[in-house]
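It should be emphasised that the depicted structure is a prediction, and the values quoted were computed from it without experimental measurement. Each ligand, and each atom within it, is numbered from 1 in the order the structure gives.
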Amino acid sequence: MATNSIHGMWSTRLAFILAASGSAVGLGNIWRFPYTAGEYGGGAFVLVYLLCVGMIGLPIMMAEIMLGRRGRQSPINTMRTLAREEGRSSAWQLLGWMGIISGFLILSFYSVIAGWTMAYAFRAAGGWFRGIDVTAAGDMFNGLVGDPERLLAWHTIFMVMVVLVVARGVAAGLEKAVRFLMPALFLLLLAMVGYGIQAGDFGGAVTYLFAPDFAELQGKAGEAILSAMGQAFFSLSLGMGAIMIYGSYLKGDASIAHNTLIVAGLDTLVAILAGLAIFPIVFANGLAPDSGPGLIFQTLPIAFGEMPGGALFGALFFVLLLFAAWTSAISLLEPLVAWLVENLSFSRVRASVLAGITVWLLGIVCLLSLNAWSEIKIFGKGFLDLFDYLTANILLPLGGVLIAVFAGWLLSRSSSVDELQLGEGLAYRIWRLLIRYVAPIAVAIVLLNAIGALKLTGLG
Ligand code: TRP
């Protein structure tokens with residue numbers, strides 16, 4: 001078994017935690033979690049989300065890191081090597097390919113949204129938010145989204161940023177950045193929660209997020225559960241090989257269970273904090289929690305516009321969010337770049353540029369679907385929404401089930417005992433129970449139910 005990856009290794013144990021939480025914490029926590037929770041009425045969704053993180057996300061994250069560290073290559077080659085070693089079909093490498101496709105689709109729209117945060121950083125700094133009200137904030141957002149040239153400019157800048165880091169090598173580029181920026185984002189988020197306590201409807205937000213009202217899910221429970229599960233995969237960066245490849249750069253003696261708990265815990269904490277920062281503003285200003293992907297861009301400017309020093313805080317907030325998105329985006333491109341280097345002997349630079357250009361082109365399709373192509377609908381969704389739905393709710397969970405089945409059923413027991421280093425005590429047995437039964441069955445039920453619902457509505 002290789003003890004090192006040809007692509008480099010994390011220099012310290014902390015570096016893995018930083019990189020993996022850099023991947024996990026991103027737009028998924030601060031942009032996607034609040035508006036998705038808002039679409040499904042808050043507390044009941046949050047409860048299902050937390051269950052999904054604990055019962056499905058944690059064991060699958062451990063499995064991904066474990067497989068990555070054992071394979072020490074890009075997800076495609078890791079799966080091929082491990083399948084061969086365990087005497088399984090080489091078709092398992094298709095799991096790696098599916099992950100590449102998911103990563104492409106996710107990054108193409110992720111980059112567009114990251115572009116929004118860049119635009120908003122400049123707007124905040126320029127004082128655009130001063131004294132802004134709900135209507136003006138809505139108009140400002142719609143103005144941006146309706147302007148393909150602006151969106152293209154920001155999307156292009158973001159993709160260049162991503163390619164620059166990936167081309168340098170993830171370990172070299174990423175470690176230093178995440179060390180300072182993640183704590184800074186965390187502190188600023190805490191400050192925003194403080195603002196919500198002082199100036200917003202904090203009590204309303206707490207009730208909304210933590211007092212589950214299952215009546216909210218009436219008639220859309222299946223869809224809500226699917227979305228909560230999809231959000232868990234998306235937010236934890238699971239199901240496509242991103243965490244797997246980060247695991248492949250992890251040293252042999254680091255504890256996988258420990259690292260997983262820290263990364264998943266941080267990720268969940270940031271999502272909850274984001275909810276506690278945004279919903280007090282939503283309720284204090286009479287905004288609709290279910291106003292969709294524009295939610296944070298239509299609420300936070302109001303708060304920054306009212307608070308003293310709001311231009312500075314606002315700019316800082318969106319810049320830090322941009323960095324969080326950057327460290328996530330890197331992990332979406334890395335599996336493919338590693339594969340191009342391994343199998344086609346591309347240089348890292350060439351591989352990154354090629355992958356980046358492909359995603360950039362796909363991103364143009366996404367950003368046009370917000371304006372010029374808004375009439376084009378597939379399954380009732382524009383391209384951006386479609387890519388988001390298809391990846392988070394279908395491809396990532398599907399990848400997750402396959403990872404669970406491979407790690408729980410096809411990898412020999414002795415291999416997983418050896419790699420997880422938990423001994424064969426209670427912790428190991430709980431993991432094995434979750435990865436063999438709970439996670440795959442739960443995901444399969446939710447997915448099959450969703451397919452059934454699709455058929456009923458005549459879309460399938
Ligand atoms: N988890 C990131 C976020 O919440 C997005 C992300 C990065 C991701 N890498 C991923 C999502 C891999 C799914 C799979 O913003």
Nearest to [atom], what protein heavy atom do you find, and at what distance?
atom                    : answer
atom 14 (C) of ligand 1 : Met240 CG, 3.3 Å
atom 6 (C) of ligand 1  : Ser237 OG, 3.5 Å
atom 9 (N) of ligand 1  : Ser331 OG, 3.0 Å

- prompt: Is ligand 1 under 4.0 Å from a heavy atom in the side chain of Ile243, in the backbone, in both, or in neither?
  reply: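 For Ile243, there is no contact with ligand 1 at all, from either part.
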
**Request:** Using a 4.0 Å heavy-atom threshold (strictly under), name the region of Asp267 that reaches ligand 1: side chain, backbone, both or neither.
**Result:**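 Neither part.
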
May I ask you to list the atoms of ligand 1 that are less than 4.0 angstrom from any heavy atom of [X]?
X      : answer
Ser235 : 1 (N), 4 (O)
Leu332 : 7 (C), 8 (C), 9 (N), 10 (C), 12 (C)
Ile106 : 13 (C)
Leu27  : 15 (O)

Short side-chain donor-acceptor distance under 3.5 Å, [Y] and [X]:
X      : Y      : value
Asp147 : Asn371 : no
Ser227 : Thr36  : no
Glu334 : Tyr249 : yes

Flag Leu396 as yes when one of its N or O atoms lies below 3.5 Å from any N or O atom of ligand 1, and as no otherwise.
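No.
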
Quick check: Ala24 and ligand 1, any N/O pair under 3.5 Å apart?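 Min N/O separation from ligand 1 is below 3.5 Å for Ala24.
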
Fill in: Proximity of Tyr110 and Phe158 rings by center, below 6.0 Å
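Aromatic pair excluded; centres sit 6.0 Å or further apart.
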
Open item on the list: Are Trp31 and Tyr35, when compared by the centres of their aromatic rings, separated by less than 6.0 Å?
Closed with: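 Ring centroids of Trp31 and Tyr35 are less than 6.0 Å from each other.
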
**Among Ser23, Gly28, Gly26, closest by any non-hydrogen atom to atom 2 (C) of ligand 1** =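 Selected option, by shortest heavy-atom distance: Ser23.
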
Tell me which one of Phe234, Tyr246, Tyr110, Phe233 gets a heavy atom nearest to atom 15 (O) of ligand 1.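 Ranked by closest heavy atom to atom 15 (O) of ligand 1, first place is Tyr110.
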
#### Entry: Phe234 six-ring centre to Arg32 NZ/CZ under 6.0 Å and within 45° of normal
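Verdict for Phe234: a cation-pi partner in Arg32.
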
Testing the basics here: between Arg80 and Asn343, what is the closest heavy-atom pair and its distance to 0.1 Å?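 Residues Arg80 and Asn343, closest heavy atoms: NH2-ND2, 4.1 Å.
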
Q) Looking only at heavy atoms, which two atoms of Lys251 and Ser11 are closest? And how far apart? A)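 So the minimum-distance heavy-atom pair works out to NZ-O, 2.9 Å.
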
> Could a heavy atom of Trp31 be found less than 4.0 Å from some atom of ligand 1?
Replying inline: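 It does not, in that no heavy atom of Trp31 comes within the 4.0 Å cut-off of ligand 1.
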
Original post:
So do the side chains of Leu105 and Phe383 get within less than 4.5 Å of each other, counting heavy atoms only?
Top reply: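 SC-SC contact between Leu105 and Phe383 ruled out.
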
